[in-house]
2 protein chains.
Amino acid sequence: MPTDSHASMADVARLAGVSVATVSRALRGSPLVSAETTARVTAAADELSFAISRAASGLARGRLGRIGVLVGAPLRTWFSGSVLDAVYARLAQADVELTIFRTQDAAEREAFFTRLPARRNVDALIVASFELTGAERARLASLDLPLVYLNQRVRGVPSVAIDDAGGMQEGVQSLLDHGHRRIGFVRTDLRQPGFVFSSDRRIEGYRRAMAAAGVPEQDLVVLSAPSPDAGELVARSYRALADPPTALAVDSDDLALSVLVELDQGGVRAPRDISVIGFDDHAYAARMGLSTVAQPVDDLGTEAADLALMLAAGEVPTHPDVLVATRVVHRLTTGPVPTPGPR
Amino acid sequence: MPTDSHASMADVARLAGVSVATVSRALRGSPLVSAETTARVTAAADELSFAISRAASGLARGRLGRIGVLVGAPLRTWFSGSVLDAVYARLAQADVELTIFRTQDAAEREAFFTRLPARRNVDALIVASFELTGAERARLASLDLPLVYLNQRVRGVPSVAIDDAGGMQEGVQSLLDHGHRRIGFVRTDLRQPGFVFSSDRRIEGYRRAMAAAGVPEQDLVVLSAPSPDAGELVARSYRALADPPTALAVDSDDLALSVLVELDQGGVRAPRDISVIGFDDHAYAARMGLSTVAQPVDDLGTEAADLALMLAAGEVPTHPDVLVATRVVHRLTTGPVPTPGPR
DNA sequence: CTGTTAGCGCCTTCAT
DNA sequence: ATGAAGGCGCTAACAG
């Protein structure tokens with residue numbers, strides 16, 4: 001007597017008085033099964049509280065019904081979390097499960113690329129915002145596993161990304177439109193030679209906007225932070241400047257917020273004394289009133305999931321390279337150039 | 001000729017000149033296989049870039065090597081993310097995969113509990129910080145799937161949790177120690193009758209601390225917020241108070257931060273004019289200098305994963321109910337009672 | 001220590 | 001429209 005909770009198709013078949021083949025067909029909604037039989041099978045399955053075993057089904061079909069997401073940062077990170085949320089939602093609609101692979105440090109990273117635990121265990125892999133070495137890319141490619149790159153473009157690999165440079169260019173342009181001319185850029189400098197990070201692309205947007213506005217190259221000022229919470233350091237270098245910019249474009253909201261807090265401590269307030277614009281539209285950006293270049297993470301995740309789903313199904317995506325648009329959001333930290341005078 | 005990336009054990013066996021059973025044993029490091037043979041098999045597996053199919057292995061062993069986490073909130077949430085990070089780390093050590101189930105709204109929730117997609121597809125399920133109805137608990141229990149509850153205690157179900165009331169009691173006590181007597185409590189009131197949220201337990205800690213300090217019941221003041229970002233509302237009610245408290249204990253950092261920002265806008269600054277303590281130790285608490293009752297989410301996740309792993313292995317945990325300690329962290333928002341006088 | 005033999009639970013021809 | 005049979009890739013006795 002099988003216990004309810006471990007009922008197998010054989011049990012359902014017995015109870016419904018049909019063969020397991022019929023149960024299988026009925027449960028997948030095959031039109032080859034008569035309505036009456038389907039009803040009987042469904043009832044029996046409910047009765048036994050039967051659920052299909054994905055392992056068995058996957059083994060037989062050669063498709064696991066599971067897609068992996070490789071995340072290069074802690075999951076608690078705003079970006080990782082948002083991407084996972086969006087991917088999850090889309091996969092759930094397709095009744096596909098999500099399994100996570102994380103490589104938040106060198107050790108995990110090496111483990112992933114030597115063991116390749118995703119191999120043969122997911123139908124497709126979404127590689128989320130992750131700067132890969134050539135060797136790593138090659139290793140992934142050798143997997144013969146459908147891949148989707150998120151915020152990284154690689155020849156021949158379907159991808160979805162934002163235009164970092166273009167987004168930042170618009171952000172800086174909005175500062176220029178406010179009348180600012182002396183605009184500084186604050187970057188997170190992870191100092192990992194050989195990689196191109198989004199920060200590198202974003203600073204490019206700053207350069208382009210300034211060049212287009214006719215600001216001479218030598219008037220650009222770039223402040224570096226070793227990590228996204230190094231606002232104090234940045235605030236210090238800012239104060240040390242002989243002729244401080246009236247506006248700052250920062251390569252991430254995280255850093256921008258940190259900088260704002262520290263500037264505030266020193267009596268420099270936005271937008272009264274300075275304009276600050278971030279990048280990402282981090283959850284706390286809205287809450288703190290930070291103006292920013294919004295990156296539509298939800299869209300990134302959804303599009304990536306769509307591509308992965310198609311590839312997993314063996315279909316060939318018509319638009320394998322998706323570019324999603326950023327959007328400048330003005331909140332409370334940007335405004336006109338402060339008029340000099342007593343504070 | 002099998003392609004590298006789809007090599008199966010049979011291919012490895014052929015190349016190594018042994019049987020598949022030996023390959024299976026060798027790869028799992030069975031001591032029954034001679035060192036020499038193991039070496040040969042390993043070499044062949046590498047050569048073919050072979051990886052085990054968890055689906056097949058799981059099917060044969062009756063264990064999937066996969067544990068699920070059911071999360072009741074968006075994944076981008078500080079709590080979800082942190083728990084997932086910790087669980088992931090622990091599972092990875094045991095070479096167990098993590099699959100996510102999310103029920104962030106009524107629709108997802110109903111879908112989960114009617115379809116029970118975790119059934120027969122994970123070896124154990126961690127139910128993370130999630131207020132379940134009796135019916136839902138019963139449905140889960142009927143699953144005959146090992147369960148671990150995180151931050152929710154249920155008779156007969158292994159669990160790991162913090163002492164919400166005790167933690168808050170200590171937090172409020174630290175305010176009392178600073179000399180405060182008029183201490184208000186700010187709570188997030190989700191208004192879902194029938195559920196007991198952590199907020200309800202935390203306010204209890206406030207009551208206990210105040211009672212122990214001999215503050216009469218009628219001097220307690222409780223401010224309610226409909227959501228964790230409703231600081232403005234709270235700040236308004238605070239200002240409307242005839243005899244405003246000199247300190248505020250808030251049931252979450254999220255809300256505390258929101259309140260702080262709004263108070264600040266109105267010229268009320270911590271700790272100069274008011275002391276504020278939160279609860280959680282959210283990532284932004286440290287960054288914003290918020291004093292708080294730290295909840296060790298990492299430990300919660302790790303312990304939950306340990307329990308799940310044991311249960312999945314069929315072992316009986318010796319300590320099925322783990323209580324992890326909170327810790328009061330003083331940063332910049334708490335201090336002595338402000339001395340009245342000109343500001 | 002290694003090979004042989006049965007499945008694990010489902011899906012998919014191929015018959016009927 | 002349904003059933004029978006074989007196999008997906010691996011593991012677990014059971015032999016030897």
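Just so it is clear, the model here is predicted, and its values are computed rather than measured. A, B, ... follow the sequence lines: proteins, then strands. Residue 1 opens every chain.
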note = Of the listed C:dC1, D:dG9, C:dC10, the closest approach to the B:S53 side chain comes from D:dG9
task = Please tell me which of the listed nucleotides, D:dT11, D:dC8, C:dT2, lies nearest to the side chain of B:V33?
result = C:dT2
Would you say a side-chain N or O of [X] is under 4.0 Å from OP1 or OP2 of [N]?
| X | N | answer |
| --- | --- | --- |
| B:S24 | D:dT11 | yes |
| A:S57 | C:dC10 | no |
| A:T22 | D:dG3 | yes |
| B:R120 | C:dC10 | yes |
| B:R63 | D:dA12 | no |
| B:T37 | C:dC1 | no |
| A:S34 | D:dT2 | yes |

query = Starting at CZ of A:R61 and ending at P of D:dG9, how long is that distance when rounded to a whole Å?
reply = 15 Å
Length of the line joining B:I52:CD1 and D:dG9:P, which is rounded to integer Å = 13 Å
ask   = Could a donor-acceptor pair under 3.5 angstrom be found where the side chain of A:R25 meets the base of D:dG3?
value = yes
Closest-nucleotide ordering on DNA chain C, the 5'-leading residue of B:A56 and B:A21 = B:A21
